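Here is how names work: the chains are called A, B, and so on, in the same order as the sequence lines, proteins then strands, and each is numbered from 1. All of these numbers come straight from a predicted model, not from anything done at the bench.
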Number of protein chains: 4
Amino acid sequence: MNKRSGIESKKKIIDAAMAVFSTKGYAKANIREIAKAAGISVGGVYLYFRNKEELYKSLINSKMHYIGSRLEITAGSAESATEALSDFFKLHLENALKHKEFILLHIREHGFAFGVNEKRQFFRKQRTLIENIIQRGMRSGEFRKCNADHMAKMIMGSLRGIILSMALDDDVHITPKMLNEFVFNGLLTAGKRD
Amino acid sequence: MNKRSGIESKKKIIDAAMAVFSTKGYAKANIREIAKAAGISVGGVYLYFRNKEELYKSLINSKMHYIGSRLEITAGSAESATEALSDFFKLHLENALKHKEFILLHIREHGFAFGVNEKRQFFRKQRTLIENIIQRGMRSGEFRKCNADHMAKMIMGSLRGIILSMALDDDVHITPKMLNEFVFNGLLTAGKRD
Amino acid sequence: MNKRSGIESKKKIIDAAMAVFSTKGYAKANIREIAKAAGISVGGVYLYFRNKEELYKSLINSKMHYIGSRLEITAGSAESATEALSDFFKLHLENALKHKEFILLHIREHGFAFGVNEKRQFFRKQRTLIENIIQRGMRSGEFRKCNADHMAKMIMGSLRGIILSMALDDDVHITPKMLNEFVFNGLLTAGKRD
Amino acid sequence: MNKRSGIESKKKIIDAAMAVFSTKGYAKANIREIAKAAGISVGGVYLYFRNKEELYKSLINSKMHYIGSRLEITAGSAESATEALSDFFKLHLENALKHKEFILLHIREHGFAFGVNEKRQFFRKQRTLIENIIQRGMRSGEFRKCNADHMAKMIMGSLRGIILSMALDDDVHITPKMLNEFVFNGLLTAGKRD
DNA sequence: TATGAATGAGGGTTCATTCAT
DNA sequence: CATGAATGAACCCTCATTCAT
């Protein structure tokens, strides 16, 4: 019965839950293990979270807000669309490395269970960000003419997939530079492009 | 009750399991429901599969082999690298639409539970396919010089992510044409490319 | 895993549940103990009853219907109101002895938990029966003039209390004859009555 | 926080416990709620009562002694047995209205859990009181000859049941006058009595 | 082959009780 | 005296798995 500040305990639980949930997924994760990993009793978990679902949702939301806010802030301060998109990639890849386990959990349970709407919103927001950058790039002549909506969807999808690959496959590591080159230049030789 | 051939029963179970697993995920799916959906008794399932895990793995493998083989076969018959890659995309996107529920299951449980190695192998095989196409394209002068390994990883990642987006987000639908344009031409105006 | 007929198992559970519930009350009774007493596994209980509450309600209802129906049937066949009431008492006291443990449970949880309405209805029905007999008795001149509604309530209350006493206090045993004498004659000497 | 005298706190707890226990029954009542209702901390409860059981027993005993003593005192001062019994009924019915919630708790948990002996003793004492009154009445010629022990048991049982009905069924309200009439005169027309 | 009743370990959750402050 | 975070045993319920038929 070590006395800890409530905030400290809550934080410990969140960290432990993150580890366990992302390793096992929501359904297979169990409270006993989370409690143990947090160095707290089973009942202790229920002091801070009403139930398993609440704990999970709280986890997802807080992390998503944290990441989301960081991504938003940096988007505006770029000089050109190219640079903005480049920054966007850089941030996402950095985040991917930093929150690898969250990414896994996030993707794994996406579309299932709860918090679906929050997740969908998160991705949609990111997509809108990209779309805006693309339109800016087309206006400034940096980017070729294309359907910004479609392009944004593809780029966001690609980013997601690349991040997923990095999280899942140990031998995949994509740097911002590589990603830039890929997205900006495409695969064809200059002369072959339409 | 009804005498069925073993193969018939097994097939029914697999189909039912696919539906249930992809809807609920591995952990929340339960044998009772699968049996019911297959029109068979609970015990009947255990006549064909040693346990839940076995059933799941068998599912993943059979589907993965089926899809994988179809993808492999068609890869060789293209006239140019550009066409080969284009075909590859087309096939994958078609598959994605056709086996949407499998894709979801596949991604959801990827990296967790069992069958991880089989899944990894599947993706690696696909990556190698792409890598070969890229090298062929570079030799023929179709594609610009780049690190084929890196590029293959990025393309495979992108493809995965785009397929994932299509499966998860109702408002995302990417056509082969859109994907070609994106991957081949990149985002920059012709003049801006390096 | 002894194979029993479903009905046999269900009956065993009901008997065991009756014993445990009436000994401990609803809240303190636990499924493990009921299962054990029924010679069945915990999960087995849930094969026949959706949950603890369902088991309890099923118990109460079936028993109440059984007892209620027996009481109803015999009420009509009496020659006089005196005889009818006398029969009514006899039946209730017999029931009390026969279903002692149920009586305890019934009273204990009355007004609490679930099945309250069913219980209330049961008592109200009994009261109406008595009221009818009283009115018949007053019409025939057997019974003195009184408020039938009030009288029925008092008689039903008395009966309940006497049965309760018999169930709770080991040294209380009331025979139909004693009860008749009490209810019919009252306590006063003949000359003192108004 | 607020310094209170121990006695004040203890009283608050007892009142709160009475309310909660009688609403939910012993098993479902919980200390947290009692503490809250008493405006005291959880730990505070344990300063005055060793545990839940102790609190409950203390509750029952104090209330029972209080009620019991009031009933005893008034019993002696009656001029006739008829009046004594009448007073007895009046007091009990008054008590029933005044301590409705206690009655419910009392009956509900009677025969179970703890404090059984105290409860039994309480009722036995009341019964003895009635028995004495009956014998006095028979000696004075007020009451007809009967088995005083049996009669006392029946009267006590009836009283209990009537009080129970009043506590449980909203539509039952018995006045002392009604009860007197019932017990003293019985149901039969004067001429029909034996 | 096929059935489905039966098993029992294990998971989510509650709550009486303790104790550092 | 008083607090309330922490504990952990015990409860209800689920479900993969078995096996007598």
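For A:Leu47, whose side chain is taken as the heavy atoms from C-beta onward, the closest listed nucleotide among F:dT17, F:dA5, E:dA2 is F:dA5. Closest to the C:Asn30 side chain, of the nucleotides F:dC12, E:dT13, F:dA16, is F:dC12. Taking every side-chain heavy atom of A:Tyr48 into account, F:dA6 is the closest of F:dA16, F:dA6, E:dG8. Checking E:dA6, F:dA6, E:dT17 against the side-chain heavy atoms of D:Ile31 singles out E:dT17 as nearest. Here F:dC13 is the nucleotide among F:dC13, E:dA16, F:dA10 with the atom lying nearest to any side-chain atom of C:Tyr46.
At whole-Å resolution of the value, NZ in D:Lys36 and P in E:dC15 are 13 Å apart. Atom CG in B:Leu55 sits about 16 Å away from atom P in F:dC15, given to the nearest Å. Taking atom NZ of A:Lys12 as the reference point, atom C1' of F:dA6 lies 13 Å away to the nearest angstrom. Distance CZ (A:Arg32) to C1' (F:dC11): 11 Å, rounded to an integer number of Å. Rounded to an integer number of Å, the gap from C:Phe49 CZ to E:dA6 P is 12 Å. E:dG11 atom P lies 13 Å from atom CZ of A:Phe21, rounded to whole Å. Atom P of nucleotide E:dT17 and atom CD1 of D:Ile13 are separated by 14 Å, given to the nearest angstrom. The distance from atom NZ of C:Lys24 to atom P of F:dC11 is 8 Å, rounded to the nearest whole Å.
For the side-chain contact (heavy atoms from CB on, under 4.5 Å) test with C:Val20, the passing option among C:Ile34, C:Asp15, C:Ile31, C:Leu105 is C:Ile34; the others fail.
Look at F:dA9: its Watson-Crick or wobble partner, with both distances under 3.5 angstrom, is E:dT14. Both distances falling under 3.5 Å, in either a Watson-Crick or a G-U wobble arrangement, place F:dA20 opposite E:dT3.
Atom CE in B:Met18 sits 10.5 Å away from atom OG1 in B:Thr23 (nearest 0.5 Å). Between the OH atom in A:Tyr48 and the CG atom in A:Leu55 there is a gap of 13.0 Å [rounded to 0.5 Å]. Atom CD1 of D:Ile60 sits about 11.0 Å away from atom OH of D:Tyr26, to the nearest 0.5 Å.
In this structure, A:Val45 and D:Ser41 both approach DNA chain F, and ranking their closest nucleotides by distance from the 5' end singles out D:Ser41. Taking for each of A:Gly44 and B:Gly43 the nucleotide of DNA chain E with the nearest heavy atom, the 5'-most of the two is the partner of B:Gly43.
B:Ala29 comes within contact range of the sugar-phosphate backbone alone, with a heavy-atom separation under 4.0 Å but no base atom that close.
The phosphate of F:dC12 (OP1 or OP2) has no side-chain N or O of C:Asn51 nearer than 4.0 angstrom. In terms of phosphate contacts, D:Ser9 brings a side-chain nitrogen or oxygen within less than 4.0 Å of OP1 or OP2 of F:dA2.
Within the 4.5 Å cutoff, side-chain heavy atoms of B:Arg160 are placed close to those of A:Leu168.
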